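Since the structure comes first, as structure tokens, the remarks are kept for the end.
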Amino acid sequence: MKYKNFNTCIIKTKIGNIFIEIKDYKVIKIFPTNLKITNFKYLSSKTLSLFKPINQQIEGFLEGKIINFSFSIHLQGSSFQKKVWNEIKKIKYGKTLSYLDIAKKIDSSPRAVGLACSKNINLFIIPCHRVINSNGNLGGYIMGNSTKNYLLNMEKKNYDFLLL
DNA sequence: TACAACTCCGCTG
DNA sequence: CAGCGGAGTTGTA
């Protein structure tokens with residue numbers, strides 16, 4: 001992992017570079033980036049110790065070795081978006097729900113749910129990859145549908161293996 | 001107002 | 001039954 005400045009860093013993962021931002025000791029952003037991970041300043045040892053477990057968990061998750069995250073995030077968005085994201089957060093590892101399922105829970109429409117999903121900047125922690133079309137199709141994903149498919153297959157495989 | 005990471009419904013082969 | 005097109009729907013810039 002390389003560090004950009006005091007409260008952000010970028011990690012290289014098997015699905016691409018991931019940008020991570022922290023504010024007031026909470027994660028506020030986990031998002032793909034095209035930024036190169038070179039020539040970055042290093043963090044203070046204090047901040048480094050904050051990032052280290054977070055980065056390890058994200059990397060571990062993407063490799064299928066970690067199922068839940070132990071750190072907390074701070075959601076930034078409209079009240080509707082937060083409602084959607086909180087519902088998505090309840091979807092368990094290896095499971096999926098449809099946009100319609102979420103819409104019913106919060107008394108809204110699937111189209112609006114999809115819109116909120118597309119605004120999710122806390123990838124994996126808010127597992128929007130677990131939200132798919134009601135007909136079984138994949139729907140969309142900020143990192144592309146092949147990545148969404150990879151994540152879902154990985155989770156399903158581990159789900160069966162671990163007998164969750 | 002236009003548009004979106006959706007669904008539903010009614011057609012057509 | 002699969003595939004397609006259009007309408008309905010809610011939240012956002």
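Quick caveat, the model's predicted, so the values are computed rather than measured. These values consider heavy atoms only, across backbone and side chains, with no hydrogens, waters or symmetry-generated copies. Letters A, B, ... mirror the listed sequences (proteins, then strands); counts begin at 1.
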* Can you tell me the distance, in whole Å, between the CH2 atom of A:W85 and the C1' atom of C:dT12? => 12 Å
* Does NZ or CZ of A:K29 lie under 6.0 Å from the centre of the six-membered ring of A:F31, at an angle within 45° of the ring axis? -> yes
* Answer with yes or no whether the side chains of A:N149 and A:S146 bring together a donor and an acceptor at under 3.5 Å. => no
* Heavy atoms under 4.0 Å, any strand shown: does A:L115 hit a base, just sugar-phosphate, or nothing? -> base
* Check the distance between C:dT12's C1' and A:K82's NZ and give it to me in whole angstrom. => 16 Å
* Which residue, A:P110 or A:D107, contacts DNA chain C at a nucleotide closer to its 5' end, judged by nearest heavy atom? -> A:P110
* Counting heavy atoms not belonging to A:Y25, are there more than 12 under 6.0 Å from its OH? -> no
* Do the rings of A:F61 and A:Y93 sit parallel, tilted or perpendicular, given the 30° and 60° boundaries? -> perpendicular
* Classify the side chain of A:Y141 versus the base of B:dA5 as yes if they form a donor-acceptor pair under 3.5 Å and no if they do not. => no
* Rounded interatomic separation in angstrom, taking CD1 from A:I121 and C1' from C:dT12 -> 16 Å
* Asked: If you look at every strand shown and take non-hydrogen atoms under 4.0 Å, does A:I142 touch a base, only sugar-phosphate, or nothing?
  -> base
* To do: Kindly point out which of C:dT12, C:dT10, B:dA5 is positioned nearest to the side chain of A:Q81?
  => C:dT12
* Among C:dT9, B:dT7, B:dA5, which nucleotide sits nearest the side chain of A:K148? -> B:dA5
* Asked: What is the distance from CG of A:N133 to P of B:dT7, rounded to the nearest Å?
  -> 5 Å
* **A:N137 CG to C:dA2 P, straight-line distance once rounded to whole Å** => 12 Å
* N or O in side chain of A:S78 less than 4.0 angstrom from C:dT12 OP1/OP2 -> yes
* Check whether any side-chain nitrogen or oxygen of A:S108 sits under 4.0 Å from OP1 or OP2 of C:dT10, and answer yes or no. => no
* Structure fact -> Result for 5'-nearest mapping on DNA chain B, choosing between A:G139 and A:K104, is A:G139
* Taking only the side-chain nitrogens and oxygens of A:N135, find out if one of them lies under 4.0 Å from OP1 or OP2 of B:dT7. => no
* Which base sits across from C:dT9 as a Watson-Crick or G-U pair, both distances under 3.5 Å? -> none
* **Pairing partner of B:dA5 (Watson-Crick or G-U wobble, both distances under 3.5 Å)** => none
* Flag yes if more than 12 heavy atoms outside A:N34 fall under 6.0 Å of its CG atom; otherwise flag no. => no
* Select one nucleotide: of B:dA5, C:dT9, C:dT12, the one nearest the side-chain heavy atoms of A:S109. => C:dT9
* To do: Begin from the C-alpha positions of A:K156 and A:D160 and carry the test salt bridge (Lys or Arg N to Asp or Glu O under 4.0 Å) through to its verdict.
  => CA-CA 6 Å; A:K156 188 171 188 316; A:D160 294 338; 3.5 Å; yes
* Asked: Across the strands shown, which category fits A:Y99 at heavy-atom distances under 4.0 angstrom: base, sugar-phosphate, nothing?
  -> base
* Asked: Whole Å only: how far is the NZ atom of A:K119 from the C1' atom of C:dG11?
  -> 9 Å
* Asked: How long is the line joining CG of A:N120 and C1' of C:dT12, in whole Å?
  -> 16 Å
* Structure fact -> To the nearest angstrom, the CZ-C1' distance between A:R111 and C:dG8 comes to 10 Å
